[in-house]
Amino acid sequence: MLNLQSYQWKNRLLLVSASSENTPEYQQQMQLFSNQTAEFADRDLLLIELFANGTSRINGDPINPEEVTQIKQQFNIGDDFSLILVGKDGTAKRRETTPVKPTAIFQQIDAMPMRQQEMRSQ
């Protein structure tokens, strides 16, 4: 069973939820995230894609429907498009219902005290 707590204090999580991969907002968001691999890695950011219909994934690896249900309940996610940024402390830092530019997410992360500390120690 997937346990998001295993990522606490190690990774920030980006939960992108949609009814399916064919949802226009989901496709637009994924297009915005293309070519951002280095930025995600630099910020310890993991992408979790959650679908009501289709195979959900965490960093590209499939996760089972029970785990999807558990994550959706934990963060109160419906079937409509949503994006939730989860900090390393395990709490939701940002909730959006429309696609977001990666730079807006990166700027928010870079302003977090823990991220400031990470950048100083690099």
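Numbering starts at 1 and runs along the sequence shown.
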Within-4.5 Å side-chain heavy-atom neighbours: [X] and [Y]:
| X | Y | result |
| --- | --- | --- |
| Met112 | Lys93 | yes |
| Asp80 | Thr23 | no |
| Glu25 | Thr98 | no |
| Leu32 | Gln29 | yes |
| Pro102 | Glu39 | no |
| Phe106 | Leu45 | yes |
| Met114 | Asp89 | no |
| Leu14 | Phe40 | yes |

Are [X] and [Y] linked, directly or through other ILVMFWY residues, by side chains that come within less than 4.5 angstrom of each other?
| X | Y | answer |
| --- | --- | --- |
| Val68 | Leu4 | yes |
| Phe33 | Phe81 | yes |
| Val16 | Ile48 | no |
| Ile77 | Val86 | yes |

Gap separating the [atom1] atom of [X] from the [atom2] atom of [Y], nearest 0.5 angstrom:
| X | Y | atom1 | atom2 | answer |
| --- | --- | --- | --- | --- |
| Ile58 | Tyr7 | CD1 | OH | 3.5 Å |
| Lys88 | Lys10 | NZ | NZ | 10.5 Å |
| Asn22 | Phe51 | CG | CZ | 9.0 Å |
| Leu13 | Asn59 | CG | CG | 9.5 Å |
| Ile71 | Ser17 | CD1 | OG | 10.0 Å |
| Asn11 | Leu47 | CG | CG | 12.0 Å |

Side-chain ([X]) to main-chain ([Y]) donor-acceptor, under 3.5 angstrom:
| X | Y | value |
| --- | --- | --- |
| Glu67 | Asn64 | yes |
| Arg12 | Arg43 | yes |
| Gln108 | Leu85 | no |
| Glu96 | Ser82 | no |

Q: Report the C-alpha separation of Asp44 and Arg115 in whole Å, then their side-chain angles, then the decisive distance to 0.1 Å, and conclude whether the salt bridge (charged side-chain N to carboxylate O under 4.0 Å, His left out) test is met.
A: CA-CA 10 Å; Asp44 301 323; Arg115 173 69 178 147; over 6 Å; no

Minimum heavy-atom separation for [X] and [Y], please, with both atom names.
| X | Y | result |
| --- | --- | --- |
| Leu15 | Phe75 | CD1-CD1, 3.6 Å |
| Arg94 | Val100 | NH2-CG1, 3.9 Å |
| Arg57 | Tyr26 | NH2-OH, 3.3 Å |
| Asp79 | Ala52 | OD1-CB, 3.7 Å |
| Thr55 | Glu21 | O-OE2, 4.4 Å |

